[in-house]
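Notes follow once the structure below has been shown.
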Protein chains: 4
Amino acid sequence: MEFKDKQSIYLQIADFICEQILLAKWPPGGRISSVRDLAGELEVNPNTVMRTYEFLQSKDIVFNKRGIGYFAAENAVDLILIYRKERFLENELPEVFKTLYLLKIDISEFQSRYEHFLSKTDPSTH
Amino acid sequence: MEFKDKQSIYLQIADFICEQILLAKWPPGGRISSVRDLAGELEVNPNTVMRTYEFLQSKDIVFNKRGIGYFAAENAVDLILIYRKERFLENELPEVFKTLYLLKIDISEFQSRYEHFLSKTDPSTH
Amino acid sequence: MEFKDKQSIYLQIADFICEQILLAKWPPGGRISSVRDLAGELEVNPNTVMRTYEFLQSKDIVFNKRGIGYFAAENAVDLILIYRKERFLENELPEVFKTLYLLKIDISEFQSRYEHFLSKTDPSTH
Amino acid sequence: MEFKDKQSIYLQIADFICEQILLAKWPPGGRISSVRDLAGELEVNPNTVMRTYEFLQSKDIVFNKRGIGYFAAENAVDLILIYRKERFLENELPEVFKTLYLLKIDISEFQSRYEHFLSKTDPSTH
DNA sequence: GTGGTCTAGACCACC
DNA sequence: GTGGTCTAGACCACA
């Protein structure tokens with residue numbers, strides 16, 4: 001996994017984990033990778049993964065069983081959707097709207113670009 | 001002016017200045033606020049504004065007349081449009097698409113929210 | 001049985017066993033639950049119960065007959081009282097006093113809460 | 001400052017800071033020690049203090065001004081009182097009551113010990 | 001094996 | 001100067 005510079009690695013890992021859960025690759029209630037395993041897989045320091053897990057635990061998206069490991073919460077999908085939707089609608093979307101407006105990008109151009117994106121990502125919809 | 005945590009203050013100020021120019025509130029070729037004035041107005045350290053001006057100068061959007069002050073470039077609007085459009089299409093838009101997809105936000109919901117945004121921002125279009 | 005995060009599980013089980021003995025639910029000199037049974041009942045790993053028994057054995061509160069099982073010591077009640085009283089007066093009480101002082105909780109409030117606690121726990125005193 | 005073994009250092013530092021604020025030694029709204037300074041003073045690693053500050057920030061007890069430092073929140077005293085009172089009433093007090101009951105410690109003995117504690121801590125009340 | 005904490009030291013962006 | 005992040009490596013308690 002490659003990381004971007006603009007955001008801290010441990011938050012990028014958090015987003016990655018949330019996506020795995022949203023896409024049902026990691027089942028709610030199930031055990032998730034151990035700190036050391038995930039660190040090895042992503043080629044980062046275990047402390048960095050630890051930070052990610054602490055962050056997600058503070059949001060109740062994952063929880064810990066002592067000596068056993070971390071687990072995705074049963075309602076993890078809902079919590080992630082709430083958390084990301086809030087972040088998106090409150091912070092990101094207004095910025096996008098402002099930029100569309102300032103750059104005079106038409107909604108139809110936006111739409112056609114989105115359809116192009118979809119056709120690459122999720123061919124099943126076509 | 002309030003600043004967000006996720007992005008550095010000097011870049012947020014740079015965006016603010018670009019918007020003023022795009023919206024024709026600060027005319028191309030005209031003198032822009034002095035470092036000291038703008039710092040006082042935005043309640044930030046003058047060094048921070050200085051950094052913003054240096055950043056914009058490196059992009060040729062503003063220039064400096066020694067001892068007099070900073071001025072918006074004649075072609076500032078074009079430069080800003082190029083700069084922001086590139087940033088938007090390359091970096092921001094893919095993220096937005098991914099989020100729309102993950103959160104299952106429909107394009108029609110996006111569109112109606114955008115129209116609502118427009119009606120608040122620019123009543124002249126209605 | 002639910003366990004708290006702040007203290008290790010095997011010590012919480014030790015306290016649980018001591019309470020059973022103090023409350024005369026497990027008679028001194030009598031056989032106590034097998035490691036396997038108690039582990040099943042509390043839904044923990046047998047190793048964890050094993051550790052509890054070893055800990056209590058090191059304090060002479062329980063002892064082991066090889067091949068038969070664990071037994072509460074004849075003088076278990078006295079030992080537990082000495083052990084817990086020491087821990088309480090030396091460690092816990094000073095912390096409680098400090099908190100009462102910092103939070104400005106009056107002794108009368110403390111007392112009324114204690115009476116409420118007693119009326120729930122041990123109705124025979126009323 | 002000396003630390004106990006049973007609780008992690010960064011949480012002990014958090015309690016220490018809260019006490020400073022409760023005792024009005026660190027004024028609400030005022031700047032608190034920088035990460036490095038406090039680390040040097042307490043003779044711990046800066047990362048450890050950093051963790052404390054992150055923890056307190058997550059509870060809104062302190063906040064950060066970028067590049068300037070950490071500040072105690074204006075309503076820090078209230079937040080600390082709420083936080084500690086909740087922790088005390090929900091977790092610690094029931095344990096104390098149970099112990100008083102199990103060890104058959106009389107409330108009058110508790111009270112006299114508390115008065116002795118007060119006379120050492122806060123002579124002004126006598 | 002699991003997580004949790006701490007240290008040491010580095011580098012960075014930012015004010 | 002400030003905080004923020006990351007790495008490396010160590011040690012510990014716990015299951």
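Each chain gets a letter, A, B and so on, in the order its sequence line appears, and its residues count up from 1. From a predicted model like this one, the values you see are computed outputs, not experimental measurements.
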*When Watson-Crick pairs (N1 to N3 and N6-O4 or O6-N4) and G-U wobble pairs (N1-O2 and O6-N3) count only below 3.5 Å on both distances, what is the dot-bracket string of DNA chain E, with | for other-strand pairs?*
||||||||||||||.

All N/O donor-acceptor pairs, side-chain side in residues 90-98 of chain B, below 3.5 Å, sequence neighbours left out:
| from | atom 1 | to | atom 2 | distance (Å) |
| --- | --- | --- | --- | --- |
| B:E92 | OE2 | B:R87 | NE | 3.2 |
| B:E95 | OE2 | A:K4 | NZ | 2.7 |
| B:K98 | NZ | A:E19 | OE2 | 3.4 |

*Strictly below 4.0 Å, heavy-atom distances to any atom of DNA chain E: list the hits from residues 26-42 of chain A, or just say none.*
A:R31, A:S34, A:V35, A:R36

_Parallel, tilted or perpendicular, as decided by the 30° and 60° cut-offs, for the rings of C:F63 and C:F71_ = parallel

*Checking B:Q12 side chain against B:Q7 main chain: does a donor-acceptor pair fall under 3.5 Å?*
yes

*So, C:R51 side chain and C:I9 main chain: donor-acceptor pair closer than 3.5 Å or not?*
no

Atom-pair distance ([atom1] on [X]; [atom2] on [N]), nearest Å:
X     : N      : atom1 : atom2 : answer
D:I13 : E:dC6  : CD1   : P     : 8 Å
A:I9  : E:dC11 : CD1   : P     : 16 Å
C:Q7  : F:dC14 : CD    : P     : 9 Å

*asked:* Between D:R51 and B:L11, which residue's closest nucleotide on DNA chain E lies nearer the 5′ terminus?
replied: D:R51

*Pairwise 5' ranking along DNA chain E for B:S8 and A:G67, keeping only the more 5' one*: A:G67

*Is the number of heavy atoms from other residues, nucleotides or ligands within 6.0 Å of NZ (A:K6) greater than 12?*
yes

*For D:Y53, which contact category applies under a 4.0 Å heavy-atom criterion: base, sugar-phosphate, or nothing?*
nothing

*Touch check for A:N47, heavy atoms < 4.0 angstrom, all strands: base, sugar-phosphate only, or nothing?*
base

*Minimal non-hydrogen separation, C:P46 against C:A39, with atom names*: CA-CB, 3.7 Å

_Ignoring hydrogens, what is the shortest heavy-atom contact between D:L79 and D:D60? Give both atom names and the distance._
CD1-O, 3.2 Å

*Please check the phosphate of E:dG3 (OP1 and OP2 only) for any side-chain N or O of A:Y70 closer than 4.0 Å.*
no

*Could you tell me whether the side chain of C:T52 reaches within less than 4.5 Å of the side chain of C:F16, counting heavy atoms only?*
no

*Nearest-nucleotide 5' precedence on DNA chain F, A:N45 against A:I68*: A:N45

